K.L.:
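Please find one structure pasted underneath; my questions will follow.
Note that the coordinates shown come from a computational prediction; the quantities given were computed from them, not determined experimentally.
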Amino acid sequence: MAGTDFGHAIGLPRALSGLPLSPLVGGYGELLSAQQTLGLRHLGELLTPPGGRLRLLDGIFAVTGPGRRRHVGAEVLRSLRRDRPEPAAAWLLERLAAIQDADPAALRRILLYQLTHLLQDHPQGQLHATAAGFGVDPAEAAALIHAAARRARLDEGQRTAAEALLDDVLEHRIRAAARRAALLPPAGEDRPLAALLVELAARTAAADTALAVARRAEEQGHPGRACLHYEEAAALAGDCPRAVRGLVRTYRPDPGDPGPPVSVLVPGGVELRWPSGDFGDTRWRVVRLTRGEPAGAPLVEVPGRPVGGVLVDGGAGIGEEIRHVALPLRADGTVDGPPLIAAPLSVAPAVTEVAAVDGNGWIEASWTAPPEAVHCEVTLTGPRGPVPVPPVTRAGSRATLRVEGPTPGRYAWVVRARYAPKGRAEQGALSAAVTVPVTVHAWPEPVLTLTALTRGSGGVEFRRTGGDGAEVRLVRWPGTAPAERAELTAAELPPPLEWADTGWTGPATNDPAMNVPGTSGHGAGGPACVGHPPPGSLTIVSAVSVLGARAVAGPSVLVEAPLPVTGLALRRAAPDVVEVGFDWPGAAGAVTAAVTQDGRRTELAVARSVFLREGLRLPVTPAALSVEVHAAPRSARSVLASPGGDARAELPADVAISYELLPGARRGLRRGPAVLRVTVRAPGGAPGPDLPGFVLVARGDGGRDPRRPSGPAGGPAVCRVTGAELAAAAAGTGTGTGTVERPIDTAVAPGRPYALRGFLLGGAAASVRLEEPPLPTLVVR
């Protein structure tokens, strides 16, 4: 119907017969990014002042007031650039001016494309107010709304295809352009787009023809001729996957041609290095081929340009086998000549931080595996060939593998990482091998047991088992001793014990005299050596076996050398109490006092603080006894190195002699002389033949209270009893107690009153206790 077409009564005849389906401008993505950076809804907002309006039907005009409008051309765009100092706006205006210079209709096409999408996307895009809100002059709002409603709507994928279509054509990515064109609706009244699609279809058909000829030549066994046609197809469609793969199959460089580029794995990707040679300003299109992908799969182009003959490809998939093809380009972007084809490369990063160590009966390798690796394959080769290895253990990215029991010699670990790309697990790639040599050294045999026996004169005999063929040292660690069988170096060992002679002799003696009760060890077995620890020391003695620069820690024993006890003395404070005195041995915390009496031995622990405060009093019987005192060990695990000659003292039995005066017998009205009764009491039944004699001495000075005699010679002896008589009296009873009675000789006594006193005579007098009667009974008046 007349009057229904867009622009039927506006401007030039058929000024707008149809709105564009594509902006058809190269680098539209950059324009759109800059526009979004400035916060513009469409590029027209950059061309009008605030409050201004935009007219598009007969050209691009900025309406600034009633009857005032300005045509926007390249010069106006450059003048606007001078008024917009911000870099993004200045760049965008300069780019639009260049587009306007190249094609006066291009900017108007871009504006119509953007406004059409704004109206189609707006929920009220059919209203004039909506168009006016986008800055469209009201006089043209109705026509623009009507035209936008008639134009086909594009979804997100179609918009992307429409906006990138010309870029692919300009870069001669004809296959990609054809795929984008297939997404678009019919061009209809968009004549520029229709013309471009016709040209694109013709070029695609020409490339298909060249491919068909090339394939026939290849099938007929003419790779050289096929290569020329594949090259022709690549020139027509630079991104044709079949053409590029055909070149890889058929191209053979002539002598003198530059060598292929080299693909090298680097951190973060693959580095493609061009061969040495001057290529001038040659442009390159570099594509990446992946093994296993379909022959018709779109080519993956590596972005960027070589710098210094090097291009980094950061998009290669881990675990893929890839191949780079570099296509030289003419100035217009078409392929110019045969490609440079790199050798296949597995994108399989090797393991890193590989280390190998050996130990006592084992060898171990560790490494860091890339996180993408599925697993690692490890081999171990030794002097006798391959060595079986157990499964790998992993802790995060760090992996370890240990093999037990290797013989000494040279070994080599070889570690490879295995990768499995998604969807193609059967085509997993294997990384380059990382080889680490390691030498397994001979280690000393460990010391299995270490025992100690107390030996006379403050010595200790050490005995061991194990350590055969190695130097076995006795050491004292400055801190905590390492665990048994810990692997050490000889350089870190402390010096050998200076008081131990480690000239091991074996096997050790089985002399029972060496097996002192309470010591550690057994009677026999293994080499032995003797040590004399310094008095007062407490030493943890450890055995270490050494072979060359390597050592193995062994067991330990605790050896203590207490200080001797001196100045031991005994005194019987009472028949059943003995006072023990001695010099305390250094810093010992306790001593052990052992009392032997009546065939029984009793031990008592004495603390230093109690001894210094209260002394030592021991309950006993009157029988003879002996006391031994020695420093107690500071640890229950200690093996004592006794200094020899423990402090020992003996105390004889408590033999007591008592005496008393008995009144004489009456003879009528008078009494006879007083009688002296001497009683001897000896525990155990007999006092022995060496009892002292007894003498009773009188002393009188004429006073009323005569003084007592001070000694056996302090006055005349009024009565005597020999030691033999006392012993005979005690032995005769069988109980150890006997009595002898004798009258006193009053003839030699001084004049009355006088005092009497008894004394013991002889060498044994000091060992016998004399019990005296009450003093008043010893005064004769």
K.L.:
Kindly indicate whether the side chain of V325, heavy atoms from C-beta on, has any atom under 4.5 Å from the side chain of V248.
P.N.:
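A side-chain contact exists here, since the closest heavy-atom pair is under 4.5 Å.
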K.L.:
Closer than 4.0 angstrom, basic N to acidic O: yes or no for E301 and R175?
P.N.:
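Salt bridge absent between E301 and R175.
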K.L.:
Is a side-chain donor or acceptor of E163 paired with a backbone partner of G29 at a separation under 3.5 angstrom?
P.N.:
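Pair absent, no side-chain N/O of E163 close to backbone of G29.
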K.L.:
Between the side chain of D239 and the main-chain N/O of I174, is any donor-acceptor distance below 3.5 Å?
P.N.:
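Flag set: sc D239 to bb I174 pair under 3.5 Å.
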K.L.:
Between the side chain of T209 and the main-chain N/O of A205, is any donor-acceptor distance below 3.5 Å?
P.N.:
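Between the backbone of A205 and the side chain of T209 there is a qualifying donor-acceptor contact (under 3.5 Å).
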K.L.:
Within the structure provided, determine whether R180 and D167 are in side-chain contact (heavy-atom separation under 4.5 Å).
P.N.:
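No, every pair of side-chain atoms sits at 4.5 Å or beyond.
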K.L.:
Take atom CD of E30 as the centre, draw a 6.0 Å sphere, and report whether it contains more than 12 heavy atoms from other residues, nucleotides or ligands.
P.N.:
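Open.
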K.L.:
By side chain to side chain contact (heavy atoms under 4.5 Å, CB included), which residues pair with Q114, not counting sequence neighbours?
P.N.:
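In terms of side chain to side chain contact (heavy atoms under 4.5 Å, CB included), with neighbours along the sequence ignored, Q114 is linked to Y28, L32, Q35, H42, L43, I110.
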K.L.:
Would you say the side chain of V270 lies within less than 4.5 Å of the side chain of R288, judging by non-hydrogen atoms?
P.N.:
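SC-SC contact between R288 and V270 ruled out.
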K.L.:
With distance as the sole test, does H375 use its side chain to make a donor-acceptor pair with the main-chain N or O of V392 at under 3.5 Å?
P.N.:
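A pair under 3.5 Å: no.
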K.L.:
Check whether any side-chain N or O of R323 sits under 3.5 Å from a backbone N or O of A342 as a donor-acceptor pair, and report yes or no.
P.N.:
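Here the side-chain-to-backbone pair exists.
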K.L.:
For P275 and L340, which heavy atoms make the closest approach, and how far apart are they?
P.N.:
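Closest approach of P275 to L340: CD-CD1, 4.4 Å.
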K.L.:
For residues L247 and A234, report the shortest heavy-atom separation together with the two atoms involved.
P.N.:
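In this case the closest contact between L247 and A234 is CD1-CB, 4.3 Å.
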K.L.:
Testing the basics here: between L197 and A187, what is the closest heavy-atom pair and its distance to 0.1 Å?
P.N.:
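So the two residues come closest at CD1-CB, 4.3 Å.
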K.L.:
Is any side-chain heavy atom of H324 less than 4.5 Å from a side-chain heavy atom of V286?
P.N.:
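A side-chain contact under 4.5 Å exists here.
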K.L.:
Please evaluate residues L327 and E231 with respect to the criterion side-chain contact (heavy atoms from CB on, under 4.5 Å), reporting the C-alpha separation (whole Å), side-chain torsions for both, the decisive distance (0.1 Å), and the verdict.
P.N.:
CA-CA 10 Å; L327 301 165; E231 188 176 330; over 6 Å; no
K.L.:
When you measure from the side chain of R53 to the backbone N and O of A132, does any donor-acceptor pair fall under 3.5 Å?
P.N.:
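Side chain of R53 to backbone of A132, a donor-acceptor pair under 3.5 Å: yes, one is there.
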K.L.:
Is any side-chain heavy atom of L21 closer than 4.5 Å to a side-chain heavy atom of L184?
P.N.:
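Answer no - side chains too far apart.
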K.L.:
Identify the two heavy atoms, one from V264 and one from L345, that lie closest to each other, and give their separation to 0.1 Å.
P.N.:
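It is N-CD2, 4.2 Å.
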K.L.:
Going by heavy atoms in the side chains, are L211 and C240 under 4.5 Å from each other?
P.N.:
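Yes. Closest side-chain heavy atoms under 4.5 Å.
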K.L.:
Side chains of R242 and Y230, heavy atoms from C-beta outward: is any pair under 4.5 Å?
P.N.:
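The answer is no; the side chains never approach within 4.5 Å.
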K.L.:
Counting distance only, does the side-chain N/O of R55 pair as donor-acceptor with the main-chain N or O of H71 below 3.5 Å?
P.N.:
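No, the answer is negative, given that no donor and acceptor are paired below the 3.5 Å cut-off.
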K.L.:
H172 and D332: side-chain contact (heavy atoms from CB on, under 4.5 Å), yes or no, with the steps?
P.N.:
CA-CA 9 Å; H172 298 279; D332 62 356; 4.2 Å; yes
K.L.:
I'd like to know if the side chain of R330 reaches the main chain of V335, judged simply by a donor and an acceptor atom lying under 3.5 Å from each other, with no hydrogens or angles considered.
P.N.:
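The answer is yes, because a donor-acceptor pair under 3.5 Å joins these two groups.
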K.L.:
May I ask you to test the R95-I99 pair for a side-chain heavy-atom distance under 4.5 Å?
P.N.:
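Result yes, sub-4.5 Å side-chain heavy-atom pair found.
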K.L.:
Just wondering, are more than 12 heavy atoms of other shown residues or ligands nearer than 6.0 Å to CD in E199?
P.N.:
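No, the 6.0 Å shell around CD holds no more than 12 heavy atoms from other groups.
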K.L.:
Is the backbone of V76 close enough, under 3.5 Å, to the side chain of S79 for a donor and an acceptor to pair up by distance?
P.N.:
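Indeed, once roles are kept as given, a pair shorter than 3.5 Å links the two residues.
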K.L.:
Is there a side-chain hydrogen bond (donor to acceptor under 3.5 Å, both in side chains) between R398 and S366 once you walk through the steps?
P.N.:
CA-CA 7 Å; R398 196 68 181 167; S366 60; 3.1 Å; yes
K.L.:
Does E86 have more than 12 heavy atoms from other residues, nucleotides or ligands lying within 6.0 Å of its CD?
P.N.:
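More than 12 heavy atoms, drawn from other residues, nucleotides or ligands, come within 6.0 Å of this atom.
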K.L.:
What closest approach, in Å, do P260 and I341 show between heavy atoms, and which atom pair accounts for it?
P.N.:
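Minimum heavy-atom contact is CB-O, 2.9 Å.
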K.L.:
Which heavy atom of E320 sits nearest to which heavy atom of R291, and what is that distance?
P.N.:
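Answer, listing the atom of E320 first, then R291: OE1-O, 4.4 Å.
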K.L.:
Closer than 3.5 angstrom, by distance alone: can the side chain of S431 be matched with the main-chain N or O of A350 as a donor-acceptor pair?
P.N.:
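Flag not set: sc S431 to bb A350 has no pair under 3.5 Å.
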K.L.:
Could I get the full list of ring pair (Phe, Tyr, Trp, His ring centres under 6.0 Å) partners for H117, not counting sequence neighbours?
P.N.:
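If we apply the ring pair (Phe, Tyr, Trp, His ring centres under 6.0 Å) test to H117, skipping adjacent residues, the hits are Y113.
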